[in-house]
Amino acid sequence: MKISFNKLIINKAAENDPLTSLLRQRLPEAEVEVVSDSAPFLNPQRARSGSLVITHQMGKFIKDFPEAPGTPPCGEKYITTLLNCPFSCSYCYLQSYLDHRQIVVFTNTEKLKRELKTVLSNTPPSRITTGEMGDSLAIDHLTETTANLLPLFKNTETLLEVRTKSTNIEHLLRPPEKCSSRLSAIEGSDRLLVTWTLSPPHAIRKEEHGTATLEDRLVAISKISRSGIKVAIRFDPIIPFYFSRDKYEEIVKRLKKEAKNGIYRFELGILRFPPGLWENIRSKYPGSAIMRGEYHRDFEGKMRLYRPARVGIYRNLHRIISDHFNGVPVALSMEHNSVWEDAGIPLP
Ligand code: SF4
C-alpha cells in the first residue's frame with residue numbers, strides 16, 4: 001500500500017523549494033496550510049496522522065553515528081532528510097530520540113547536496129544512509145530522495161544505503177518488468193544499496209505495525225536483486241522473545257533463493273533500549289513481549305540483554321549465515337570488540 005497524506009503544513013521558508021512543489025504535485029488532493037513557524041506542529045498534541053510538515057533542516061544534514069568506546073568503527077554516516085515514518089514499530093528508538101511522531105520532510109536540498117559533495121570529496125565513508133531518522137523508502141515515491149541523491153555518488157567509493165521495512169521499490173525500477181538488462185533504470189544505481197530489516201513473521205505481525213510482511217519483503221528483495229541493485233540485510237533488532245534458530249534459518253534459506261545476485265552484507269543487533277525508551281515502552285505497552293529476557297543497564301545507560309545470551313544468539317546466527325552465504329561480511333551493530341570475538345565474528 002502506497003503511503004499518502006491528506007494535509008501539508010508548509011513552513012513559509014520552504015514554500016518555493018522544488019521539493020515542496022513536487023510534493024504538492026504528487027498530492028494534489030491534500031489540504032495545504034502555509035505557516036510562518038512549523039515548530040508548534042512538532043509536538044505530540046498537534047501531530048496528526050495523515051499530515052506532513054515541510055520545512056528546512058536548520059542543522060547539519062550529514063552526521064556521524066555515535067561510536068561507543070571499544071566498538072569497531074561502523075564506516076557509515078547518516079543523512080537526515082526526514083524525521084519519523086508512517087510505520088509504528090513498538091520498539092522504535094525514535095520514541096526516545098525525538099519529542100514528537102510528526103512526519104517531517106526537509107526541502108532545502110541544495111544545502112544537503114553541498115554538504116554531501118564536501119563529505120564525498122573530503123572524508124568519504126563506505127556508506128551513507130538515509131534510514132536513521134525514519135524508513136528511507138516509505139515515502140520515497142513522493143520525495144524522490146533516492147533518485148535525487150544517487151547521481152552524486154557516481155564515481156565515488158561510497159554507497160548510498162536506503163534502509164526499509166517496506167516494499168516501496170517500484171519507483172526505483174522503472175519499469176521493473178522491462179528491466180531485462182539486469183540494470184536498474186535510476187542513474188548511478190551501482191552505488192545504491194537497499195537494506196531490508198527482516199524478522200520472523202510473528203514478530204513483524206506483533207511489533208512492526210504498518211510495515212510489509214516478511215513474504216512481501218522477500219518478493220521486493222527478489223525484484224531489487226534481479227535488477228542488479230545491491231541488497232543487504234539487517235537482523236536488527238533481533239527481539240530475544242521471538243528468536244528461534246529455526247525461524248532465522250528459514251529466512252536465510254529463503255534469502256538464498258530470492259536474492260539471485262547475493263547479499264552484500266549482513267548486520268546483526270539484538271534489541272537494546274537507549275535511555276528513556278525502556279520506561280516509555282513500559283508505560284505504553286505494560287508487559288510487552290519485547291521487554292522479556294534478562295536485561296541490564298550498560299555503562300552508557302542502555303538496557304541490553306545479558307551478555308552471554310547476546311553472544312549465544314550472535315554465534316547461532318553467524319553460523320547459519322556462514323553456512324548459506326559463505327564469505328559474505330557479517331557485522332554487529334554497536335557491540336564491543338570482545339562480543340564480536342566471543343561470537344566468532346571477525347572484526348572489520
Ligand atoms: S520503520 Fe524504523 S523508523 Fe519507522 S517506526 Fe519502525 S523502527 Fe521506527
Side-chain angles (χ1 to χ4, degrees), residues 1-5 42 44 47-53 57 63 65-66 74 76 78-106 127-143 145-146 161-169 193-214 216-218 220-221 231-242 267-278 280-281 284-285 288-291 302-303 333-334:
M1 188 189 72
K2 291 259 186 261
I3 304 291
S4 192
F5 296 92
L42 309 185
R48 215 185 66 181
S49 116
S51 69
L52 179 67
V53 166
Q57 166 66 279
K63 295 197 177 116
F65 281 100
C74 68
E76 188 162 31
Y78 67 93
I79 310 178
T80 307
T81 58
L82 46 70
L83 300 176
N84 283 314
C85 91
F87 307 139
S88 200
C89 303
S90 60
Y91 53 75
C92 182
Y93 51 92
L94 295 179
Q95 298 170 64
S96 63
Y97 281 11
L98 302 171
D99 298 325
H100 59 89
R101 293 303 318 266
Q102 175 64 56
I103 302 178
V104 177
V105 168
F106 297 118
R127 285 167 286 122
I128 300 186
T129 183
T130 48
E132 178 64 4
M133 291 293 164
D135 187 287
S136 300
L137 293 185
I139 61 166
D140 198 56
H141 61 293
L142 300 173
T143 61
T145 302
T146 305
E161 182 185 9
V162 296
R163 297 181 182 175
T164 193
K165 292 183 185 127
S166 80
T167 55
N168 198 20
I169 54 158
L193 176 66
V194 185
T195 298
W196 267 276
T197 296
L198 300 182
S199 302
H202 59 311
I204 292 176
R205 253 191 329 271
K206 293 273 188 197
E207 311 295 347
E208 297 180 353
H209 312 291
T211 65
T213 63
L214 174 66
D216 288 349
R217 289 183 215 180
L218 288 166
I221 286 170
V231 173
I233 299 299
R234 282 168 67 90
F235 290 128
D236 182 11
I238 299 158
I239 303 173
F241 178 78
Y242 297 102
E267 187 161 336
L268 319 179
I270 293 169
L271 182 62
R272 60 262 176 212
F273 300 86
L277 185 58
W278 180 266
N280 203 338
I281 293 174
K284 262 200 336 240
Y285 310 103
S288 167
I290 67 173
M291 303 174 85
K302 275 186 189 153
M303 293 294 276
S333 186
M334 305 179 106

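Order of listing sets the numbers, starting from 1, for every ligand and every atom in it. Numbering starts at 1 and runs along the sequence shown.
In this view, E208 and R217 satisfy the salt bridge (Lys or Arg N to Asp or Glu O under 4.0 Å) rule, not counting sequence neighbours. For the ring pair (Phe, Tyr, Trp, His ring centres under 6.0 Å) test, residues two or more places apart in sequence or in another chain that qualify with Y97 are Y93. For E207, there are no salt bridge (Lys or Arg N to Asp or Glu O under 4.0 Å) partners at least two apart in sequence or on another chain.
D140 and T146 share a donor-acceptor pair across their side chains, judged by distance under 3.5 Å alone.
Protein N/O/S atoms found under 2.8 Å from atom 4 (Fe) of ligand 1: C85 SG.
A 6.0 Å sphere centred on CG of D216 holds more than 12 heavy atoms belonging to other residues, nucleotides or ligands.
The OG1 atom of T130 sits 7.5 Å away from atom CG of L82, with the distance rounded to the nearest 0.5 Å.
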